[in-house]
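Here's the structure, in structure tokens; my notes come after.
Counting begins at 1 with the first residue of the sequence. Not measured: the values here are computed from a predicted model.
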Amino acid sequence: MKRLFYSWLCVLSFFSGFAQSGNDSVEWTLLEDFEVVKKKPGNLKLSGPENSFKIDRNELFKAACCNLGESFTTNPSVDVSYNDAATGSKQIKLLGLSGNYVQLLTENIPNFRGAARPFSLRYVPGPWMKSISVSKGSSSVKNGYESITGQIDVEYLKPQDEEGVVLNAYFDSQLKLEANADANFHLSPTLNTELLAHFEDRFSNHDGNHDGFTDMPDIRQFNFQNRWNLFTNHYIMHAGIGVINEKSLAGQLGHSHISMENPYLISMKTGRYEAYMKHAVIVDKDHNSNIALLASASLHNLNTMYGVAGYDIREWNAWTQLIFETDFNEMSNLSVGFSYNYDYLDQTLKKINNSIASYPLLELENVVGGYGQYTWKPSEKFTLMAGVRGDWSSKFKWFVTPRFNIKYSPIESLNLRASAGKGYRTVFPWAEYNYLLASSRALVVENLNQESSWNYGFNIDYSLYIKSEQIRFSTEYYYTLFNRQVVVDYETPHVITIGNLDGKSFSHTFQIEANYISSFGLTATAAWRLNDVRTTYQGKLLQKPLTSKYKGLFTLSYSTPLDIWQFDLTLQLNGGGRMPAPYRLDNGDWSWSERFPTYPMLNFQVTRWFRHFSVYVGAENLTNYKQKNPIIGSSDPWGPDFDTTMVWGPIEGTMVYAGVRFNFGKL
């Protein structure tokens with residue numbers, strides 16, 4: 001390990017020295033005229049009627065951003081938390097609710113469904129991303145009915161981007177190594193292709209709290225994509241294929257000081273294969289009339305063992321959509337379309353008690369639907385977007401999804417937005433919650449309904465300009481009300497029940513945010529969010545457990561002239577919340593406290609930009625705050641008290657990292 005670490009330092013030193021010498025040899029030329037260009041902020045508020053913003057690469061470069069799950073560190077609206085303390089499964093939280101209620105898209109195509117969902121955040125490497133668009137609340141009906149709290153759409157780097165090769169390497173104090181490559185080739189004036197490659201591996205077992213379990217699983221992942229772009233005056237084509245191969249091992253690894261004749265291990269093997277294509281024909285340029293056909297298909301294989309429990313799945317998904325859009329005039333736009341989605345899950349649940357018993361579980365759903373969406377913009381001050389879609393499911397029959405968004409700008413610097421709409425979701429419980437098998441709790445799954453909810457939101461944006469400085473204020477409120485919901489109930493000792501809601505369930509979210517953007521390289525963000533999330537458990541309306549009551553965020557970023565150095569600081573304050581009902585363990589102690597405390601998180605990064613590459617060094621969780629006992633009963637994983645699901649805070653302590661991004665340009 002020492003040789004690996006020193007080799008990495010030598011690589012960084014070589015690149016740094018090479019860049020510095022290259023910089024010193026540059027010939028200086030006197031410019032007669034020059035123009036000062038103001039740098040845009042990394043979080044760009046989008047101008048449409050939806051409350052949405054785009055996180056561009058400037059913002060993504062402010063943190064390590066090794067994958068999608070680490071891309072929201074500097075964002076006040078999106079939280080990322082652990083699902084459990086053993087498998088490394090993470091989830092996004094938006095508007096105080098689980099990431100299952102956020103529709104995840106890759107370039108406007110629904111993706112990472114079912115078994116891919118719990119681990120999807122590590123399937124998208126950070127260096128591959130061009131931007132991330134986040135829409136809150138009721139969003140467009142174009143992409144389906146599954147958006148309940150919002151949509152997150154990942155845009156990858158494009159084949160038609162500047163031709164060349166870009167490499168990225170990353171290494172941290174927990175001996176995790178990542179390497180990425182992006183190569184663009186312009187084969188002709190109209191045809192481009194791109195190769196994306198990613199590798200990651202962890203070379204050591206890290207147990208910072210000395211409970212006998214690794215804090216993070218040992219993951220080895222290979223991830224490849226080949227993407228194509230063809231365009232003419234009246235036709236555009238995007239297409240690509242992708243392959244993910246991942247092996248993960250967690251549990252009681254490499255602890256010689258613990259006597260383990262039968263160690264508790266968690267293993268996962270994942271193979272994912274996907275393909276997509278987009279075709280667009282421009283019918284009338286004057287009216288922006290076009291016909292588009294989008295399609296995607298994926299095969300996701302997952303084989304797991306959680307101690308003596310196992311879960312295997314072979315999941316097929318196919319999706320296609322036909323769209324027609326046109327502008328009637330400068331004020332009116334119409335979009336109509338038809339879609340089809342196919343989900344087939346071939347699952348096996350294995351329980352080993354001196355013998356092996358297998359339980360085949362087959363799930364199949366076909367959904368056919370259509371939508372119409374009308375946008376009316378009589379002036380720059382007012383925009384109305386209204387849409388409705390109807391869908392038929394082979395499991396739940398007909399359902400209708402109306403959505404409505406409005407924007408009004410009485411003055412140029414003030415924007416008022418309101419939204420209302422419905423959302424639905426089909427739950428595949430074993431695929432989406434198989435990580436719960438890591439605990440000794442009995443897992444009870446009921447016959448589940450389709451989830452259904454209404455979401456209402458209001459947002460105010462105001463920008464104040466003082467000379468060349470900009471201060472942007474934002475206030476928003478969202479209310480989500482569930483008609484039907486699938487509830488994960490942790491309230492009964494030694495049992496987890498996945499069942500249908502019997503009572504009320506809702507979420508209130510209020511957020512205020514201020515952004516300062518200077519003309520001399522300084523930007524700052526301060527935000528505060530309150531969450532009131534309640535669900536009925538066993539006849540009682542309670543605060544949703546393991547959910548922070550509030551969150552505070554402060555970020556500070558400074559770039560020196562000519563963007564040679566960049567300094568980024570992020571401070572989070574995560575409010576406390578309720579824990580599930582505690583109970584007595586076999587040793588007589590209480591399982592946990594009734595509430596978890598408020599805790600801080602502090603991250604810092606320094607980036608040095610050179611002509612053809614950059615070097616960055618940073619640290620996460622500088623306060624070194626860690627949840628003391630994220631795994632209950634870790635000393636006896638085969639006993640009845642073993643539980644990995646009670647995670648509310650950081651598992652890992654302070655982590656230092658370094659990396660280099662190198663742009664070779666056209667070869």
Taking everything shown except K269 itself, do over 12 heavy atoms lie less than 6.0 Å from its NZ?
no
For P110 against N108, the heavy-atom pair lying closest together
CD-O, 4.0 Å
Give me the atom names and distance for the closest heavy-atom approach of P49 to R417.
O-CD, 3.4 Å
Search all heavy atoms of S89 against all heavy atoms of N83 and return the closest pair with its distance.
OG-ND2, 2.6 Å
Show the nearest heavy-atom pair for residues A183 and V165, with the distance to one decimal.
CB-CG2, 4.0 Å
Where the side chain of E107 meets the backbone of Y156, is there a donor-acceptor pair that is under 3.5 Å apart?
yes
Nearest 0.5 Å, please: how far is OG1 in T570 from CG in N75?
10.5 Å
Salt-bridge present (D218, K247; N to O < 4.0 Å)
no
Fit a plane to each ring of Y599 and W648, take the angle between them on a 0 to 90° scale, and name the class: parallel (under 30°), tilted (30 to 60°) or perpendicular (over 60°).
tilted
Determine, stepwise, if the pair Y657 / F171 fulfils ring pair (Phe, Tyr, Trp, His ring centres under 6.0 Å).
CA-CA 6 Å; Y657 62 87; F171 192 76; over 10 Å; no
So, for A275 and I241, which heavy atoms are closest and what is the spacing to 0.1 Å?
CB-CG2, 3.9 Å
Any side-chain donor paired with an acceptor under 3.5 Å for S133 and D153?
no
Which atoms form the tightest heavy-atom contact between I651 and A85, and what is the distance?
CD1-CA, 3.7 Å
Could you tell me whether E246 and R122 make a salt bridge, using a distance below 4.0 angstrom between a side-chain N and a carboxylate O?
yes
Result for side-chain hydrogen bond (donor to acceptor under 3.5 Å, both in side chains) between N229 and one of N184, N192, T193 points to N192
Quick check: does any side chain N or O of S559 sit under 3.5 Å from a backbone N or O of D563, one acting as donor and the other as acceptor?
no
Kindly compute the distance separating CZ (F112) from CG (L121), expressed to the nearest 0.5 Å.
9.5 Å
I need the full list of salt bridge (Lys or Arg N to Asp or Glu O under 4.0 Å) pairs touching residues 655-664, with sequence neighbours left out, sorted by first then second residue.
none
Hey, is D461 close enough to R472 for a salt bridge, meaning N to O under 4.0 Å?
no
Are T270 and F119 close enough that some pair of their side-chain heavy atoms sits under 4.5 Å apart?
no
Roughly how far, to the nearest 0.5 Å, is CG of N624 from OG1 of T654?
3.5 Å
Does any N or O in the side chain of S548 come within less than 3.5 Å of the main-chain N or O of Y550, such that one atom is a donor and the other an acceptor?
no
Should the pair D84-K90 be classified as a salt bridge under the 4.0 Å nitrogen-to-oxygen rule?
no
With distance as the sole test, does Q566 use its side chain to make a donor-acceptor pair with the main-chain N or O of V606 at under 3.5 Å?
no
State whether F610 and R608 meet the cation-pi test: NZ (Lys) or CZ (Arg) under 6.0 Å from the six-membered ring centroid, and within 45° of the perpendicular axis.
yes
Dump the intermediate steps for salt bridge (charged side-chain N to carboxylate O under 4.0 Å, His left out) on K176 and E178, then the final yes or no.
CA-CA 7 Å; K176 177 184 177 182; E178 290 196 12; 3.0 Å; yes
Any carboxylate oxygen within less than 4.0 angstrom of a Lys/Arg side-chain nitrogen, looking at K130 and D161?
yes
